[in-house]
Amino acid sequence: MTFRFRDIMKYHFNDIEAKWQKYWADNKTFKAVNNSNKPKYYVLDMFPYPSGAGLHVGHPLGYIASDIYARYKRHKGFNVLHPQGFDSFGLPAEQYAIQTGQHPAITTEANIKTYRRQLDQIGFSYDWSREVRTSDPNYYKWTQWIFIQLFESWYNLENDKAEAISDLIKRFSSEGNTNVNAICDDNVEMFSAENWNNFSSEKQQQILLQYRLTYLAETEVNWCPALGTVLANDEIVNGVSERGGHPVIRKKMTQWSMRISAYAERLLQGLETIDWPDSLKESQRNWIGKSVGAQVEFRVQSSEFRVSVFTTRPDTIFGASFMTLAPEHELVSKITTPEQKQEVDAYTEATTKRSERDRMADVKTISGVFTGAYAEHPFTKKPIPIWIGDYVLAGYGTGAVMSVPCGDQRDYDFAKHFGIDIPNIFEGVDISEEAFADKDNSIIANSDFINGMNYKKATKRVIYELEQIGQGEGKINYRLRDAVFSRQRYWGEPFPVYYVNGMPQMIDAKHLPIKLPEVEKYLPTETGEPPLGNATVWAWDAKKCAVVSNKLADDANEIYPLELNTMPGWAGSSQYFNRYMDPHNSEEIFSKEAINYWQQVDLYIGGSEHATGHLLYSRFWQKFMFDKGLVPHDEFAKKLINQGMILGTSALLFVFREMSSKGYDVKDTDLPDADDLNKIIVSGGFYDKYLEYNNLYDRYLNSKEEFKKFMIEKDISEEDWKPHKNFLDLLQNEIYNVNKKGRFIFDDDSFQTLEENIFKSNDLRVDLKHLDEITSDFVKISSFIKDTKYKEFKNAIFLNDEGQKVEDDLIKSKREVEKMSKSKYNVVSPDAICEQYGADSLRMYEMFLGPLEQAKPWNTAGITGVHSFLKKLWKLYFDDNGLKVNDAEPSKDNLKTLHKTIKKVEDDIKNFSFNTSVSTFMIAANELTAQKCTSKEILEPLLIVISPYAPHIAEELWSKLGHNTSISTASFPIFDASHLVESSKNYPISFNGKMRFTIELPLDMSKEDIEKAVLAHEKTQAQLQGREPKKVIVVPGKIVNIVS
RNA sequence: GCUGAAGUGGUGGAAUUGGUAGACACGUUGGACUUAAAAUCCAAUGGCCUGUAAGGCCGUGCGGGUUCAAGUCCCGCCUUCAGUACCA
């Protein structure tokens, strides 16, 4: 009996947390309503992709911060919307489906369940009744709906907004397109009203596609052969795919695109109106890449063609001594002379075959060829040779440049390399070594009508003159490209599209959602169609249409093919924040009432990695929806904060491995995935061979024939690589070929070395747990590596630097702090933390680690600090005899501690400085414990202050103090400054700026009296040692400084 | 190369307008309690010097400067991290 009584008085966080989590769920404590007398506040987290690995401690960091903010706002009397959901379409589930046949919906559902359990155990105050999942047909119905709206819109530059395509059609049929000022395809042809009305329906549709905000066009796309799909620019990192790290090549394909470029200027201007991190805004500015200059047209001699270039330096036009076109430029084949044709063809072919990564890896090499053609300088009429070179990018500007070697380093290098003229057009500048690119300090010379002018004046004049002769105009160019919107994948939103005579048609919105059909296989069809081509039945509630196989049949039983691509990952995340406002509405994307009530997100917290993806696309969709009158703001989030990454500590073992006949065994590594292979390459110590491998892999993917040729060139006979089932063998051959150090041939069970053994050092990342287990015992380490962890080292012999066998202590270990990832064995799961210390400890510790925005290493050991704080807090309320809180009158010190805490915590929350709040709580608990405070008047409001951070313990103690409703809406205590007023100050007394001692003096003492008191003090006299003070500075309430 | 952020004890980090540098924790050391461990509590903890104490000297990446006073402001460098990269 006694035991049980004592037991109740202890802080049993597991029971307490489970109890309150259930209470919140049962009572729908955090359900937000769409109208209220209270002011509204919308706090949003970036919703997670539910991966199979579950959450690690880095994931909840931002969620905890936003939860604290949401809970704080509730205490301050706001009606808070704090929803959560899942970005549940995506590649990993599909890759898993390809490997296992498991339907992605099943994997996704299971993963969501795990995520939900993990999130629930941390005690977030989400309104789960508003959960959205991007893969739910009731949700993606509206993603499809927005797609239709975009298709039915064009961008009118006269009003600077998106408008209905039906209006455009009216204008075309009454006035043609010559006076229409719209954002459209560069190559759109000009026509009159009469032309338009005589065009065939297909021709009209083709033209309209050039205006629509989402359109189908043949564009040069980033094709990832390994993933079998196209990728958007933001899905490529360092020239390889973001997911999986596969090579990417350029390819022309017919794809859906989003005309985000129409919004380039507004996306740029809008940044001024939102409170987002500067670094993130800067990323978006760079991505949009606005540059002001001129477009200039050069006539090609003895032909009808004109080469159009974009330049930011029209003032240097007289220095143009050649032109350079991108190898992909459409004029290349048209203007090349017969004599140069062979050389040009060889060059263009070679460039198109290079992957992005190759091109990037090899920036320094200057290459190019002369086309044989000449352009005519618009002013001097002198002939200018036209070259092609891969330093000119097809995707930027017009894909052609006027090359001014004296003013641009790349042009300079190119000219030097090929011996082209470098005329100097700058006054008093030496260009014998390098180009002079400083536009702000240049005076133009040798340039006819702009001689003696500076950059600004000359630019203006040149543009004027170009306009006079009709060969150019001022122009603003953006780097931002239209975003490719289709993917050749299964697990994504189907398009609401079918084709009539090859022209895309929207399926009527009343048939939405177009549900994702079932397929047998998640791979492309044998004819190379996307996975949806495998579908035999498309089920949707069609009134007039029936679906026959992959085709749509209308009343008259004509059959039309359906769009088989799916939408990219960012489609579903581009407006989810609005859908949360009215998530179950089946009639509208959201009701007018809901959007007018919630308006926009007040606080959005998430990772900076979405800077040029999700966050840019979402702003684009929001602006479009604003134009259509659907939303009241053209920016969706007022304030945004990027939480920093939590880094894990990896354990590295350094071993030296002998590669011998009994050594490196990689037999059963089947490698369809470059990601896996890269890992082995890197951990195998072949860092230097990484690139070679990639070339090889690219070659293989590009063309097996070409690969074969390459291998033969490298003197590796077909016999050597043909029997091998995977790329690793090829790699081995490549290594052999490159460094001649060793050769490894698959021989059923092991590799054989034909030449000398080679030694390589390896850093193997191991599970920290295991590292502790094996510590310095060599036998254990070696058996751990060979048997437990790394099968490929099964037969390895460990050597030290000198090549001797390692007997006991030569395997070194090291710790490294890096991004948490499964493959690095440095992941810490929140589950174990919650189990051992509780959710409140986890929440507090994550905040305590450091500033929210900053990257910081995780160290589980440190959690004892906040955990013992919570125990100490508990003890303020309970001792062995039970609840000790009473109605005692609070002391002055008690009140001072409480109000100091209220003030500091409130300021901290406003500044998102959550780490310092935790310190403040610790100080408060330490002080109140020392003061032996038992006063309810202090301890009750203290709980509300702590509640956003540690809601479970706060709820429990709150109820123990006699409340029978949740603490979550209790009013935040009002700070009363009068409790902090001091009557005296412990003045620091410094001598020549160095603090020596302190003196306690009344705060109302005058400057003169302070000076007298300080100078009279014995310690002052000791410091001065008889010297006369030269100057005494007294800052009342702050400091005294004596200069001697 | 360009852009942005940051460099403070053994570690994470504090110091809101220039005014006691190192709050709060972790770790370490010593002690109490305990058969023992865990848990808990107490004390010390930037470096160096003086036997201790009192005290002193040096200390916020480096070099200068402004100021009575600089982690904080100014100038010049170095390093690290992140983003971006032939953008005409």
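Here is the naming used below: chain letters follow the sequence lines, and residue numbers restart at 1 for every chain.
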Original post:
Which heavy atom in A:Ile384 sits nearest to a heavy atom in A:Phe322, and how many Å separate them?
Top reply: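 Minimum heavy-atom separation between A:Ile384 and A:Phe322: CG2-CA, 3.1 Å.
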
Original post:
If every non-hydrogen atom of A:Trp858 is compared with every non-hydrogen atom of A:Met820, which pair is closest and at what distance?
Top reply: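 That closest heavy-atom pairing would be CB-CE, 3.9 Å.
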
Restricting to ring-ring contact (aromatic ring centres under 6.0 Å, His included), what partner residues turn up for [X], sequence neighbours left out?
X: A:Phe869; answer: none
X: A:His329; answer: none
X: A:Tyr72; answer: A:Phe972
X: A:Tyr617; answer: A:Trp570

Could you tell me how far apart [X] ([atom1]) and [N] ([atom2]) are, to the nearest whole angstrom?
X: A:Met995; N: B:rG22; atom1: CE; atom2: P; result: 8 Å
X: A:Phe997; N: B:rU20; atom1: CZ; atom2: P; result: 16 Å
X: A:Ile646; N: B:rG13; atom1: CD1; atom2: P; result: 11 Å
X: A:Leu849; N: B:rU11; atom1: CG; atom2: P; result: 16 Å

**OP:** Measure up the A:Tyr396 and A:Phe310 rings against each other and bin them: parallel (under 30°), tilted (30 to 60°), perpendicular (over 60°).
**Re:**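 Aromatic pair A:Tyr396/A:Phe310 classed perpendicular.
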
Distance, [atom1] atom - from [M] to [N], rounded to whole angstrom:
N: B:rG47; M: B:rG64; atom1: P; answer: 26 Å
N: B:rG7; M: B:rG13; atom1: P; answer: 10 Å
N: B:rA43; M: B:rU50; atom1: P; answer: 29 Å
N: B:rU28; M: B:rU34; atom1: P; answer: 24 Å
N: B:rG9; M: B:rA23; atom1: C1'; answer: 13 Å
N: B:rA44; M: B:rA54; atom1: P; answer: 13 Å

Original post:
Do A:Tyr347 and A:Ser367 have side-chain N/O donor and acceptor atoms under 3.5 Å apart?
Top reply: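 A donor-acceptor contact under 3.5 Å links the two side chains.
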
N or O in side chain of [X] less than 4.0 angstrom from [N] OP1/OP2:
X: A:Lys856; N: B:rG12; value: no
X: A:Ser291; N: B:rA88; value: yes
X: A:Lys1030; N: B:rC68; value: no
X: A:Arg285; N: B:rU3; value: no

Original post:
Mapping A:Val1040 and A:Ile1033 to their closest nucleotides on RNA chain B, which lands nearer the 5' end?
Top reply: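 Between the two, 5'-proximity favours A:Val1040.
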
Original post:
Mapping A:Thr998 and A:Ala855 to their closest nucleotides on RNA chain B, which lands nearer the 5' end?
Top reply: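 The 5'-side residue here is A:Ala855.
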
**OP:** Give one of base, sugar-phosphate or nothing for A:Asn1041, where a contact means two heavy atoms less than 4.0 Å apart.
**Re:**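 Counting heavy atoms under 4.0 Å across all strands, the contact made by A:Asn1041 includes a base.
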
Original post:
Counting any heavy atom closer than 4.0 Å, what does A:Val1043 reach on the DNA or RNA strands: base, sugar-phosphate only, or nothing?
Top reply: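 Sugar-phosphate: the residue A:Val1043, judged by heavy atoms under 4.0 Å, touches backbone atoms but no base.
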
**OP:** List in chain and number order the residues that pass side chain to side chain donor-acceptor pair (under 3.5 Å) with A:Gln284, two or more places apart in sequence or in another chain; answer none if no residue qualifies.
**Re:**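 Result, side chain to side chain donor-acceptor pair (under 3.5 Å) vs A:Gln284: A:Arg619.
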
Identify every side-chain donor-acceptor pair in residues 924-931 of chain A under 3.5 Å, counting partners at least two apart or on other chains, and give the distances.
| unit_1 | atom_1 | unit_2 | atom_2 | d |
| --- | --- | --- | --- | --- |
| A:Asn926 | OD1 | A:Lys872 | NZ | 2.8 |
| A:Asn926 | ND2 | A:Met922 | O | 3.3 |
| A:Glu927 | OE1 | A:Thr897 | OG1 | 2.8 |
| A:Glu927 | OE1 | A:Lys900 | NZ | 3.2 |
| A:Glu927 | OE2 | A:Lys900 | NZ | 2.9 |
| A:Thr929 | OG1 | A:Ala925 | O | 2.6 |
| A:Gln931 | OE1 | A:Asn894 | N | 3.4 |
| A:Gln931 | OE1 | A:Asn894 | ND2 | 2.6 |
| A:Gln931 | NE2 | A:Thr897 | OG1 | 3.0 |

**OP:** Is it possible for you to check whether A:Lys439 lies under 6.0 Å from the centre of the six-membered ring of A:Tyr455, through NZ or CZ, and within 45° of that ring's axis?
**Re:**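 Positive - A:Lys439 is close enough to the ring of A:Tyr455 and near enough to its axis.
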
**OP:** Kindly indicate whether a cation-pi arrangement holds for A:Lys903 with A:Phe975, taking the cut-offs as under 6.0 Å to the six-membered ring centre and within 45° of the axis.
**Re:**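 Yes; both conditions hold, so A:Lys903 lies above the ring face of A:Phe975.
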
Subject >> Contiguous Watson-Crick or G-U pair runs (3 or more, under 3.5 Å) in RNA chain B >> reply: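 Paired runs of 3+ in RNA chain B: B:1-7 with B:78-84, B:10-12 with B:24-26, B:27-32 with B:40-45, B:46-49 with B:55-58, B:61-65 with B:73-77.
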
If you restrict it to nitrogen or oxygen atoms, what contacts under 3.5 Å exist between nucleotides 24-30 of chain B and the protein, and what is each distance?
| unit_1 | atom_1 | unit_2 | atom_2 | d |
| --- | --- | --- | --- | --- |
| B:rA25 | OP1 | A:Asn926 | ND2 | 2.9 |

**OP:** Please name all residues satisfying side chain to side chain contact (heavy atoms under 4.5 Å, CB included) with A:Asp879, sequence neighbours left out, ordered by chain then number.
**Re:**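 Only A:Asn881, A:Lys884 meet the side chain to side chain contact (heavy atoms under 4.5 Å, CB included) criterion with A:Asp879.
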
**OP:** Check side chain to side chain contact (heavy atoms under 4.5 Å, CB included) between A:Met1005 and all other residues, then give those that pass, not counting sequence neighbours.
**Re:**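 Listed in chain order: A:Leu1001, A:Pro1002, A:Asp1009, A:Ile1010, A:Ala1013.
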
**OP:** Step through it carefully: locate the ring centre of A:Phe13, locate the ring centre of A:Tyr837, and say whether they are under 6.0 Å apart.
**Re:**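 Ring centroids of A:Phe13 and A:Tyr837 are no less than 6.0 Å from each other.
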
Within the sub-3.5 Å range, which N or O atoms of nucleotides 14-16 of chain B have a protein N or O partner, and how far apart are they?
| unit_1 | atom_1 | unit_2 | atom_2 | d |
| --- | --- | --- | --- | --- |
| B:rA14 | OP1 | A:Asn915 | ND2 | 2.9 |
| B:rU16 | O4 | A:Lys904 | NZ | 3.4 |

Filtered N/O pairs between nucleotides 55-59 of chain B and protein, under 3.5 Å:
| unit_1 | atom_1 | unit_2 | atom_2 | d |
| --- | --- | --- | --- | --- |
| B:rG56 | OP1 | A:Gln1023 | NE2 | 2.9 |
| B:rC57 | OP2 | A:Arg996 | NH1 | 3.1 |
| B:rC57 | OP2 | A:Arg996 | NH2 | 3.2 |

